Amino acid sequence: MSEAPTPAEGTARLNTGVAHNARVWNYWIGGKDNYEVDHQVGDQVAAMFPLVRDIARADREFLGRAVSFLADERGVRQFLDIGTGLPTADNTHEIAQRIAPESRIVYVDNDPIVLIHARTLLTGTPEGVTDYIDADVHHPDAILERARRTLDFTRPVAVMMLGILNFVLDTDEARDIVRRVMAAVPSGSFLVMTHPTHDAELGGEGQIPAMKFWNENATPPVTARSGAEIASFFDGLDMLEPGLVSCSAWRAELHAPVVVPQYGAVAAKP
């Protein structure tokens, strides 16, 4: 395991006067790593778009199902989790290493408060490895260079991009990031993604004013995309059943889960 970033590095960049996505998201799912400004903005967004709390929970539950599926049924032993977010219960390494203790996980985030808590993410099984990279999704080559110190890119890797490409506002740039990352991993790897949508069939039109408020009052700015735009991130990959669906419905145990305007999918690299 490479040397972990120090909490002091994160503290130096931490701005508690402006609401931040990782902290507000943590607030919505019942975490404690947040501040009053995060409560205020989070409550206002939730008042404008009540489904947002369901989205936060559904996204987290999707992560659990996807990691379990890939580790258990597809035998994946390496995970590159880009856009980690704040540690909560059942993080990627905990799920994967519960199934296969030898699993290797690299977390990537550039949020200062996530950096402060990064050491929590570096506690795993003795047989496995967990690592944390302080890096920005906009710089995939730097992520890949550092991830190679922990992951073997000659063996399959599950690339996790949950709720992260919505912070890359230019769609062409977002596609390019996915292409560059997936080009670096071998055949048999997987892309796991969630992304908010404004598609009406998932009830996403209500996100538009809420996101406008967010972008005026919090950081970083965010965008929703259509299902067609999100599907284009999977070009060249083989999407697994049930395809691109509300993340709450992806291989869900409930027959009628709450449908949230957040697409989720898992695809294999041929």
Side-chain angles (χ1 to χ4, degrees), residues 58-59 61-84 92 95-96 99-100 103-108 135 137-145 147-148 151-197 199 201-202 223-252 260-270:
D59 192 87
E61 291 165 359
F62 169 88
L63 179 147
R65 295 194 302 276
V67 173
S68 295
F69 167 75
L70 291 175
D72 190 20
E73 297 190 32
R74 294 303 178 101
V76 176
R77 298 294 180 262
Q78 301 190 110
F79 294 82
L80 177 57
D81 190 336
I82 302 174
T84 301
T92 298
I95 300 167
I99 295 167
S103 297
R104 306 171 76 87
I105 292 86
V106 172
Y107 291 107
V108 183
V137 67
H138 291 85
H139 304 128
D141 293 340
I143 291 171
L144 293 166
E145 178 184 356
R148 284 189 177 95
L151 303 179
D152 178 358
F153 278 21
T154 68
R155 297 173 54 234
V157 177
V159 177
M160 315 284 293
M161 291 187 169
L162 274 62
I164 185 64
L165 289 178
N166 38 294
F167 299 110
V168 181
L169 302 186
D170 183 88
T171 300
D172 288 338
E173 181 183 5
R175 286 194 198 98
D176 184 60
I177 289 168
V178 175
R179 280 196 297 265
R180 286 157 71 180
V181 172
M182 295 309 296
V185 297
S187 173
S189 294
F190 295 88
L191 173 62
V192 183
M193 185 185 297
T194 60
H195 196 297
T197 184
D199 283 356
E201 56 264 37
L202 294 189
T223 188
R225 292 186 168 98
S226 69
E229 289 174 312
I230 297 166
S232 73
F233 297 143
F234 294 89
D235 286 353
L237 305 175
D238 296 331
M239 200 174 291
L240 306 185
E241 291 293 335
L244 186 68
V245 296
S246 172
C247 68
S248 60
W250 191 88
R251 295 179 181 259
V260 298
Q262 178 105 330
Y263 280 113
V266 177
K269 180 175 179 179

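Treat the numbers as computed from the prediction; the structure is a model and nothing was measured.
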Selection residues 177-193 - residue pairs positive for side-chain hydrogen bond (donor to acceptor under 3.5 Å, both in side chains), sequence neighbours left out: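 Qualifying pairs, neighbours excluded: D141-R180, D176-R180.
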As an exercise, state the distance from [atom1] of [X] to [atom2] of [Y], rounded to the nearest 0.5 Å.
X	Y	atom1	atom2	result
F79	S103	CZ	OG	6.0 Å
L244	H195	CG	NE2	10.5 Å
E61	W250	CD	CH2	13.5 Å
I95	L63	CD1	CG	5.0 Å
L162	T194	CG	OG1	3.5 Å

Where do [X] and [Y] come nearest, in terms of heavy atoms and distance?
X	Y	value
K269	P186	CD-O, 3.7 Å
R225	A174	NH2-CB, 4.2 Å
D152	T154	OD1-OG1, 2.6 Å
S246	Y263	N-CD2, 4.2 Å
V178	L165	CG2-CD1, 3.5 Å
V67	M160	CG2-CE, 3.5 Å

When you measure from the side chain of [X] to the backbone of [Y], do you find a donor-acceptor pair of N or O atoms at a distance under 3.5 Å?
X	Y	answer
S68	R65	no
R77	A100	no
Q78	P156	yes

With a 3.5 Å cut-off and sequence neighbours excluded, list the donor-acceptor pairs that the side chains of residues 227-238 form with protein atoms.
{"unit_1": "E229", "atom_1": "OE1", "unit_2": "S226", "atom_2": "N", "d": "2.9"}
{"unit_1": "E229", "atom_1": "OE1", "unit_2": "S226", "atom_2": "OG", "d": "3.4"}
{"unit_1": "S232", "atom_1": "OG", "unit_2": "R175", "atom_2": "NE", "d": "2.7"}
{"unit_1": "S232", "atom_1": "OG", "unit_2": "E229", "atom_2": "O", "d": "2.5"}

A cation-pi test, strictly: NZ or CZ of R251 under 6.0 Å from the centre of the six-membered ring of F69 and no more than 45 degrees from its axis. Yes or no?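 Cation-pi check for R251 and F69: passes.
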Check: [Y] and [X] side chains under 4.5 Å, non-hydrogen atoms:
X	Y	answer
P261	D199	no
L240	F190	yes
I82	I177	no
V137	V108	no
Q262	T197	no
M161	V192	no

E145 atom CD, neighbour heavy-atom count above 12 within 6.0 Å: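 Counting other residues, nucleotides and ligands, CD of E145 stays at 12 neighbours or fewer.
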Going by atom types alone, do N166 and T223 pair a side-chain donor with an acceptor below 3.5 Å?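 No donor-acceptor contact under 3.5 Å links the two side chains.
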